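This is a predicted model, so every value here is computed, not measured. Quick note on labels: first sequence line is chain A, next is B, and so on, each numbered from 1. Computed from heavy atoms alone, side chains included, the values below leave out hydrogens, waters and symmetry copies.
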Amino acid sequence: MKKFRKAMGLVLASAMLVASLAACGGEDKKDDQNVDSGSTNGEAVLKIGGIGPLTGGNAVYGQAAMNGAQIAIDEINAAGGINGMMIEFNAQDDEADPDKGVNAYNNLKDWGMQILMGCVTSGSCTAVSDYAHEDNLFLLTPSASSLTSITYDNAFRVCFSDPNQGVGAADYISQHQLASKVAIIYDNSDVYSSGITEKFTAEAQSIGLEIVASEAFNADNKTDFSVQLQAAKDSGAELVFLPIYYNEASLILSQADAMEFKPMFFGCDGLDGILGGVENFDLALAEGVMLLTPFAADATDDLTVSFVTKYQEKYGEIPNQFAADSYDAIYIIKAAMEKAGVTADMSVSEMCDAMKAAMTQISVDGLTGSAITWSADGEPTKAPRAVVIENGAYKAME
Amino acid sequence: MWKKLNKNTRKNAVTYLMLIAAYLIMSVLQKGGHLSNLISGMLVLLCVYAIMAVSLNLTVGVLGELSLGHAGFMCVGAFSSALFTQLTMNTGMNAGLRFFIAILTGIVVAAVFGILIGIPVLRLRGDYLAIVTLAFGEIIKNLCNVLFLGKDSNGIHVSMKDTMSLGMEADGIVIINGPQGITRTPKQATFFIGMLILLISLIIVLNLVHSRTGRAIMAIRDNRIAAESVGINVTKYKLLAFTVSAAIAGAAGALYAHNTSSLMATSAKFGYNMSIMFLVFVVLGGIGNMRGGVIAAVLLTVLPEVLRFADDKRMLIYAVVLILAMLWNWTPAARTFREKHSIRRMLAGRAGRQQKESGEAAATNKKEEM
């Protein structure tokens, strides 16, 4: 009995210790928040959180997005901040996983986040937007393209939605009479790829494009595409639609070349990065590939040139569309904040309400489109740009 | 009174008390606002993984078979229960009752899959269960990725191609949308329910282990031929343990599905990596040691999150911690060190010394207490 009492004493003592430590932690945090709200000292700070996959299989996208955002924030801070507030940015990793995304979101809330730029991937964004909606926290995703990602009124996005791209691509092919027989090769385990394919198929049927083959692969089998290519070849397709990312597309192009299958290839913004993003890929194979992309790193306008130079100086590589999307996202947040007259002492919820109203009134010229406007459902309105690869570089198509 | 109890009963009671204490401490902290958003957002997830650790521990530790597809059972439980909730969402059914039936659905469906896999495989000797469950997990994950299911006024439509081929009326809603999975399942899983399910599964497993059935199962694990020779029906007991294990995994899945608004069958969530992760919980916590498994599950899930401040280095720290924990648990040198400096021994040693010092007084006290 004595031993038991001792053990219980130990347990209770440690429980008390833990409780008191946790209590201390809580108080410390409150102090931090007071400092950050800017009321106690002169320097007002705005806390923007970012969530994206910084490790794991999709790290390329998340890292590029956070790098792009960082460049925009450095520029804005150097120029005096937003409404006089300096931006503090905190990028958290979600490994493209919804649960980790929610953890990252909660972690950012503990840090004192006021605006969320994220999540980079659709599934994670869908899960996080639920929590952001409960907290009425303003969310602007640079690249989550799924419809479910921004169902709530506090969520907006920079990129095109999946349906938008699928319909856009089908319309483009039909209007420019590129082909009448189309084959699709897509990743049926990927939200982005299957989302576009679905809308593309629906639109193709309604405008009379004939889809002669629709071949799927999945994330576990994405190195050998000979079966899918053979099916496309046998079906007599004139054009192969590739709503996938550039890594798989580069393999498809090499393997199609090896089996002497030479149709036209047409892709969406996921193909951006095929020039320079893949090692040991013969760029000659990408000649003639067409893609819809909001961003081309070798465009010659001042904004793009300055962004690409800065990005290359800082990170040593050519930025892809994720970097451009999040660079724009930060400037969009800035525009909306200036429009709404947001100050750092507003609560998260007040800020969100002001931002929601401002978003539908602003028009932003960015890397991924000019005069972009938003409707209250969070979707951007901008013209898709089609480019064709010629002599190893993008060339705008009519 | 405590001493009179059976050693196993005492050990189990400590496990239950630990859980209840953990629940009370966490709830008090949460109510008082002393818990960070990060931790309070993870509470249900921790329960899910702890339940998975208990479930796999039954297969690996007690039954002695290797299952590399436990995430598959969780996946089945998650999708079937979320599907049930989605289908009955607007029928005016009481939300609490609906959630209860959804959990039961997850349990039953996972158990059925457990039986289906167990019947052929558990008759064999060797590593066949590991191979088959590995394949099962991957098959289930890929099936969920190509499954489309919608509901309209005509009833339920299923397709393996895309939402277009569901051929639904205009009022139809897509419930399972291929790789996008099931979105916006009501978040009904709370920390209380998670703890309750964890406690119930622990009670079931611990009671099973210390029952006649449990002794039969462990006899099969330790020596199959000897067990057969005394008339134990090997297949029956193996199947029983495996089905219970699958059913508990199904409950964990159901809990998980009602905690996330984006249920997707990704490789990271229901692939074999996750199954291996559950195995790591079990091995680290001690094979066959339920309490250890639960603690390991909680620590290993919380660790990468609290290490967020270390950015990229947290993966490295995590791996190092894992290796150190394995060494601490299993190397002979660490074991002797632990035995020499264990809390139990220190307590016993001090109690012993005090008893000597206080002499008779203590002895009389003790008599009175008893």
Side-chain angles (χ1 to χ4, degrees), chain A residues 1-4 6-7 10-11 15 18-19 22-23 25-27 29 54-57 92-93 95-110 122-131 146 148 151 187-191 193-195 197-198 201-202 205 214 216 218-220, chain B residues 1-3 17-18 21 25 28-29 32-42 45 138 142 145-146 161-164 177-181 183-184 187 256 259-269 271 304-305 308 311-312 314-315 343-344 347-348 350-351 354-355 362 365-366 369-370:
Chain A
M1 195 60 217
K2 205 159 194 178
K3 229 190 280 172
F4 176 55
K6 273 222 165 118
L10 201 71
V11 169
V18 170
E27 274 157 29
K29 208 167 57 209
L54 303 180
T55 59
Q92 288 292 334
D93 184 15
E95 300 169 31
D97 176 289
D99 294 335
K100 296 256 165 65
V102 172
N103 289 341
Y105 173 80
N106 282 325
N107 195 53
L108 285 170
K109 257 172 67 186
D110 290 334
S122 294
S124 176
C125 194
T126 306
V128 167
S129 71
D130 252 17
Y131 289 85
S146 160
T148 51
T151 27
D187 181 350
N188 69 357
S189 65
D190 183 60
V191 177
S193 185
S194 59
T197 304
E198 196 184 311
T201 312
Q205 274 168 6
S214 185
N218 65 33
D220 301 326
Chain B
M1 181 200 95
W2 183 250
K3 282 239 155 128
L17 283 176
M18 252 177 54
I25 292 174
V28 168
L29 285 180
H34 296 309
L35 216 52
S36 68
N37 286 314
L38 178 66
I39 298 296
S40 72
M42 281 183 76
L45 206 60
E138 292 300 299
N142 285 329
N145 266 329
V146 294
K161 204 158 172 279
D162 51 38
T163 48
M164 290 304 297
N177 191 2
Q180 294 185 35
T183 35
R184 306 258 182 270
K187 276 208 229 21
Y256 175 78
N259 183 47
T260 177
S261 54
S262 179
L263 177 65
M264 303 189 295
T266 55
S267 306
K269 218 63 268 181
E305 297 301 332
R308 271 182 185 278
D311 287 334
D312 301 349
R314 74 180 199 278
M315 298 296 173
I343 297 175
R344 190 172 296 156
L347 284 174
R350 274 180 62 193
Q354 277 178 356
Q355 234 166 38
N365 266 347
K366 213 174 177 187
E369 270 175 26
M370 281 171 143

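Nearest heavy atom pair, residue A/Thr126 against residue B/Thr183, reads CG2-CG2, 3.8 Å. In this structure, B/Ser262 and A/Gly123 approach most closely via the heavy-atom pair OG-O, 3.2 Å. Here the closest heavy-atom approach between residue B/Thr260 and residue A/Pro98 is recorded as OG1-CB, 4.4 Å. A/Ser146 and B/Gln180 get closest at one heavy-atom pair: OG-OE1, 3.5 Å.
When heavy atoms are compared at a cutoff of 4.5 Å, A/Ala104 approaches chain B by way of both its backbone and its side chain. For a residue to count as touching a neighbouring chain, one of its non-hydrogen atoms must lie under 4.5 Å from one of that chain's; by this rule A/Ser193 does not touch chain B. When heavy atoms are compared at a cutoff of 4.5 Å, A/Thr148 approaches chain B by way of both its backbone and its side chain. Using a 4.5 Å cut-off between heavy atoms, A/Glu95 contacts chain B through its side chain alone, with no backbone atom that close. For A/Tyr105, no part lies under 4.5 angstrom from a heavy atom of chain B.
Of all the listed residues (A/Val191, A/Asn218, A/Asp190, A/Asn103), the one sharing the greatest number of non-hydrogen pairs under 4.5 Å with chain B is A/Asn103. Ranked by heavy-atom pairs under 4.5 Å with chain B, the list A/Lys100, A/Glu198, A/Gln205 is led by A/Glu198. With chain B as partner, the option from A/Val128, A/Asp97, A/Asp99 having the largest number of non-hydrogen pairs under 4.5 angstrom is A/Asp99.
Proximity of a side-chain donor or acceptor of A/Asp110 to a complementary backbone N or O of B/Leu38 within less than 3.5 Å is detected.
In this structure, A/Asn106 and B/Met42 have side chains that are not in contact, with every pair of non-hydrogen atoms separated by 4.5 Å or more.
Residue A/Ser194 holds its OG atom at 8.5 Å from CG of B/Asn145, rounded to the nearest 0.5 Å.
A donor-acceptor contact under 3.5 angstrom links the side chains of A/Thr151 and B/Arg184, judged on distance only.
Ionic pairing of B/Arg308 and A/Asp93 is not present here: no N-O contact between side-chain nitrogen and carboxylate oxygen is shorter than 4.0 angstrom.
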